[in-house]
Amino acid sequence: MLRTLIKPLAVSAASVIAFTGTTAQHVAAADFSGQRIEWIIPFKEGGGSDRWSRFYAPLLSEQLPGQPTIVVKNIPGGGSTKGANQFQARAEPDGKTLLGTSGSTQLPYLLGDKRVNYEYKDWTVVLATGTGAIMYINPELGVEKAADLVNLDGTDLKFGSQGATSLDLLVLLGLQMLEVDVSPVFGMKGRGAARLAFERGEVNLDYQTSASFLTKVTPLVEKGKAVPIMTWGFPDGSGNIVRDPTFPDLPSFPEVYEQVHGKAPSGQEWEVWKSLYFAGYPAQKMIFLPNETPDDIVQAYRDAAQAVISAPDFAERAEAVLGTYPQAVGEGAETMMQQAVDLDEASRTGCRTG
Amino acid sequence: MIDALLSALEAIVSIEHMLFLAGGVLLGLTIGILPGLGGIAGLSLLMPFIYGMDTVSALAMLIGLVAVIPTSDTFTSVLMGIPGSSASQATVLDGFPLAKQGKAAYALGAAFSASLMGGLIGAVVLTAFVLIARPVILFFGSAELFMLAVLGLSMVGVLAGSSLPKGLSACGLGLLVGSIGGAPATGEFRMSFDISYLMDGIPLVVIGLGMFAFPEIIDLCRQNRSISKANALGTGWFEGLRDMIRHKWLCLRCAAIGCVVGALPGLGGSVVDWIAYGHVVQTSKDKSQFGRGDIRGVLAPESANNAKEGGGLVPTLLFGIPGSGSMAVFLGGMVLLGIEPGPSLVESQLDLTYTIVWSLALANVIGAGTCLFLSPVVARLTTIPYHYLAPFMIAVIFFAAFQATRDFLDMFALLVVGVLGVYMKRFGWPRPAFLIGFVLAGMSETYLYQALQFYSWGFLLKPGVVVIALITLVSVWYGARNVPHNPADEEDESRAINLTPQAIFAGVVVALFAFGLYDGLTRSFLGGVFPAGLSAVMLVISGIVFVKLAMGKTADAANYDHEIVGDHVGQDGIVGLGHYVYWITGFVAGIALVGFLPALIVFFAIFLRVKARATWARTGLLTAAPFLGLVGLARIMVLEFPGGLLQSLVDLPWPFG
C-alpha cells in the first residue's frame, strides 16, 4: 500500500525538479520576452510550406521562453533559393530569425544549382516534418498493382509534372528503374494542377503527398475513379525504407522493385533514388536556426518544439495540416537532416543526369 | 438545396457573423487602398489571430477581407491612374480620363455601384453554378484553356487603336516579355542573362505600374496642374449609380463573364477585367470615347472583377486549387480552421458553401457601400496641385513594385518598364494590347504545349475548342463591324512631320524581336519554339511599322507623336519628356545607394522644395507624414524596406537597416 503510494509521488517529485530545473535554465539563458521572431518561408503565401509554418508559429510562440511573437515572412523566388540565400547571408545568430525549408529547397542544393548560395551544414535544425507520397492510376488502365505497370507496353502512360528539376524527378527515376515507359507532360503549376489533369483524364498516373491524398484523392478512390498502387515507403529507425505506416496496405517502392526484378534494389540508381527520397520526404519541411547560434538558444527552441509535439491535442490538430507522420526534434531531426542533404559526388552527378 | 440556402441564411444574419464580416471588410479596405498591398497582405496579417477564434467568426473575417480586395483598389485606379492590383488595370483606361475631366466622383460612383452589383450577381450565378461546377471545370482541359487564351488575345483587335500592325506588335512585345524566364516545357531560362530576378519572370504588378501609372505620373508632373481639369468637382456619384442602372444588362453580362472566367482554374483572375473591357468595346456601336472617359469602360471591368472573386471560390472550394494569390491564402486559412476543400462542399456541406458565397456577396455590399459613401470626399484628392501629389505617387508605385518580390530589382524593373511605357504612350503604341499579351503569354504557351502532348493537333477538333473558336470569330467580327476610331484622322493638321523619333522607337521594337528570335534559337526546340516563332512573325509585322515610319509616310495611321499632338503642346513651361524620368531615376539611384527610407526623405524634401515650392514647414510635414506612415505599416505588417549600398556596409538600426 505504502509503496504504491510512494512511487508515483517520487516520480512526480522528480519531474517537478526536472521541470523547474530546465525552466530555470531557460530563463537565465534564453528569454524572448517582448521580442519579435521572423520566420522566413521561401515560398508564396498560401502554399504548403506557408500553411505548415502558420500552423506551427503560434504553437512555438506559446512554448518559447517569454512567449515571443512569431511572424511568418514569405520571401518567394528562384525556386525557394532566394529566401534561403537571404537567411544564409543576413540572419544573426540571436534566435530571432528562423528559416523553414522544404524539399524544393533541399533539391537545388543537392543538385548544385548555381542559384544556391546557402549551406545546410552551417545551420542547426530544430524540427523536421516528414510526409509520404502515394502513386495512383486511372482504373481504365486495367492495372491493379504497381508491378503490373511494366506490362503496359504500348499503352500511353502520362504523368503531369512541374518540371524535370523538381521532386517529380523521384517518380521519373523510380519508374525508369521499374522499366515502366511513361511520358511526362511538363508545365503543371503544382501537384494540384496535376491532380486536376488526372481527374479530367488528361493524365492517367499521378502522385500526391499523404495529406492531400487523404483529403482529395480518397473520394475519387471511393467512386472508383482512382486506384492507389504504391507509396514511396517510410524509413524505419535504422534507415531502411519500409511500408508507409499511414498506408500499410500499399507496397513501398523497394517492394515493388523486388517484385519486378526479383531482387532488392541496389547500385548507383538506387543510391540516387534514396538521396532524392530522403531530401524530399522523411524530412520534407525543416525549421532551421542560423550558423553559430549559441547552444542555449538552440536548446530553448528544441525544448519548445518538443513541448509542442508532445501536447495531448497536438496529433489531432496536426492531422489535417501535417498528416500522421512523426515530427522529429533534436537528435532525431539532426539525423533526418543529415540524410536529407548528404550526397556523394557520384550520386550528385547521377541526379543531374538522371 | 433550399435547405442548405435556408441554413446558410440563418448563419449569415447572426449579429456575430455580421460584425466579424464588417471587421474583415474594414481591414481589407484600409489595407487595400495602398497599391501593392492587396488582400494577400491583409490575410497574412489576419492569420495569426485565426487560432483563438471560433470557426464561424474567423471565416467571416477572412471572407470580409477577400471580398473587398478588388473594391478599394478602384480608388487609386480611377483617381491616380495607378492600377491598385491586376484586377483593376482595365479600370484605369476610362476611369482616370474621367478623373482628369473633373468627374472623379461620377466615375467612382459608377465603379462602386458596378462592383456592388457585380458581387451580388456573381453570388446569384454561383448559387446555381456551384452545383454543376465540377463537371464544367473538368470539361475545361488544356486544349479548351488554350483556346480561351486565344479568345483573350483576340481582344487585342479592338484595343489596338488606329494602326493594327502597331497594336499587334505591342501585343507581341507583351507576349515576348511574358516569356522571359523559365520555359514551361523544359525549365530553360530564356532571355534571363543569368540574372536570377529575370529567371522568375517580371511580376505583373511591375508591368501594370510601369505601363500605366509611370507614364501618367510623368505626364501630370510636366503639366503641373491638379489631376482634375475642372475646379468644381460636382457631386456626381449619384449619376454614376444611375448610369450603372442604365447599363444594367452590360453589368449583368460582365458579372457573369467575371464569375465564370474566375471559376476556371488556370485562367487566372488577371485577365477577367481585360476580357470584360474587350467585351464592352466590341459590343458598343459608338467606340469613339473609349480610352477617353467612357463610363461603360469603368462599369464593365468593375462589375466583372468583383464577381470574379466569387467565381474564384469554386475551384478553391471544390478542388482545393486556388485561382489567385488571395484565394491561395484564403484556402490556407480554411485549412487552418479545419475546413477541407473537396466535393463534400457541394454535397453534405452545401450549406457551408452557401454561407461562404453569400457572405462574400454581403461583404461586397458593405465594402462597395462604404467606398461609395467615401468617394465624394476622396475624389477631392484630384484637385490638389500635382507637384504636391507627385512624390507620394512616386513613392507609392515604387513601394508597391517592391512588394512584388521584395527585391531591389523590382524597382529597377519598374523604372525600365516605365520608360518603355512612356515611349509607348508618346508614340501611340497601345499599352492595353501589351498588357493582354503579357498576361496571356505563359498561359497560351503552357496550354498549347500540354494540349499538343495530350491530343496532338487533333485537339483543334475537340467540341469545346471548336465552340470557343467560333465565339472568338464572332467576337472579332462583332468588333470589326465599326471601323476603329482613328484619332489621327481628326487631328490631320497637327500630325507629326518629323518621324525620326518614332522610327527609332519602332527600330528598337524590331531589335527586341530580333533578340527574341536569336535567344529562342539558342534553346532546345520545346524551350524556344514559342518565343522564336512569335518573334519571327512579329519581326515582319513590326518591320512594316518601322518601314512606314522610316520612309516618312506621315499620312499613315501608324504616325502618332504625343509630343506634337498632345494637349500640353504649346503651353508655357513644359519641360522635356525626359525631365521627370531623370528625377525618378535619381530616386532609384538614391535607393540603391542609401536604401529606401533615407532616399525617400531626401527625395521628398528636394522635390517639394524645388518643384512644389513648398515652405520649409510644409515640406517637413509632408515628408514626415508618409515616412512615419510607412514605418508604422512596416512594423505592423512585417514589411522590409529595400536597402542600398549603405546598408550593406554599415549596420543601421531599424527601420533604416
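This one's a predicted model, so the numbers in the text were calculated from it and none came from an experiment. Residue numbers begin at 1 in each chain, while the letters A, B, ... track the order of the sequences.
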[X] atom [atom1]: more than 12 heavy-atom contacts under 6.0 Å:
| X | atom1 | answer |
| --- | --- | --- |
| K225(A) | NZ | no |
| E119(A) | CD | yes |
| F412(B) | CZ | no |

Please state whether the side chain, the backbone, both or neither of R134(B) comes within less than 4.5 Å of a heavy atom of chain A.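 Only the side chain of R134(B) comes within 4.5 Å of chain A.
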
Closer than 4.0 angstrom, basic N to acidic O: yes or no for D194(B) and K114(A)?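 Looking at D194(B) and K114(A), the cut-off is met.
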
Work out which heavy atom in [X] is nearest to a heavy atom in [Y]; give both atom names and the distance.
| X | Y | answer |
| --- | --- | --- |
| F186(A) | Y449(B) | O-CE2, 3.2 Å |
| F319(B) | K216(A) | O-CD, 3.7 Å |
| A143(B) | E202(A) | N-OE2, 4.4 Å |
| R406(B) | K82(A) | O-NZ, 4.0 Å |
| E347(B) | K223(A) | OE2-NZ, 4.0 Å |

Once rounded to the nearest 0.5 Å, what's the spacing between atom [atom1] of [X] and atom [atom2] of [Y]?
| X | Y | atom1 | atom2 | value |
| --- | --- | --- | --- | --- |
| M334(B) | R51(A) | CE | CZ | 9.5 Å |
| I75(A) | T405(B) | CD1 | OG1 | 10.5 Å |
| S142(B) | M188(A) | OG | CE | 7.0 Å |
| L196(A) | F140(B) | CG | CZ | 12.5 Å |

Given heavy-atom pairs under 4.5 angstrom as the criterion, report whether the side chain, backbone, both or neither of E38(A) touches chain B.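 It is the side chain, since no backbone atom gets that close.
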
Is it the side chain or the backbone of K44(A) that comes within 4.5 Å of chain B heavy atoms, both, or neither?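 For K44(A), neither part sits under 4.5 Å from chain B.
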
What residue, out of L526(B), L138(B), T446(B), has the most heavy-atom pairs lying under 4.5 Å from chain A?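 Sorted descending by pairs with chain A, the first entry is L138(B).
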
Which residue out of G141(B), G187(B), S196(B) racks up the most heavy-atom pairs below 4.5 Å with chain A?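 Ranked by contacts with chain A, first place is G141(B).
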
Is a side-chain donor or acceptor of R200(A) paired with a backbone partner of F139(B) at a separation under 3.5 angstrom?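 Looks like no, no N/O pair under 3.5 Å.
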
Between D200(B) (side chain only) and G78(A) (backbone N and O only), is there a donor and an acceptor less than 3.5 Å apart?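 Pair found, side chain donor or acceptor close to backbone of G78(A).
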
Non-hydrogen side-chain atoms of E199(A) and I137(B) separated by less than 4.5 Å: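 Counting from C-beta outward, E199(A) and I137(B) never come under 4.5 Å.
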
Minimum side-chain heavy-atom gap R115(A)-M199(B) below 4.5 Å: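 With C-beta onward as the side chain, the pair touches.
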
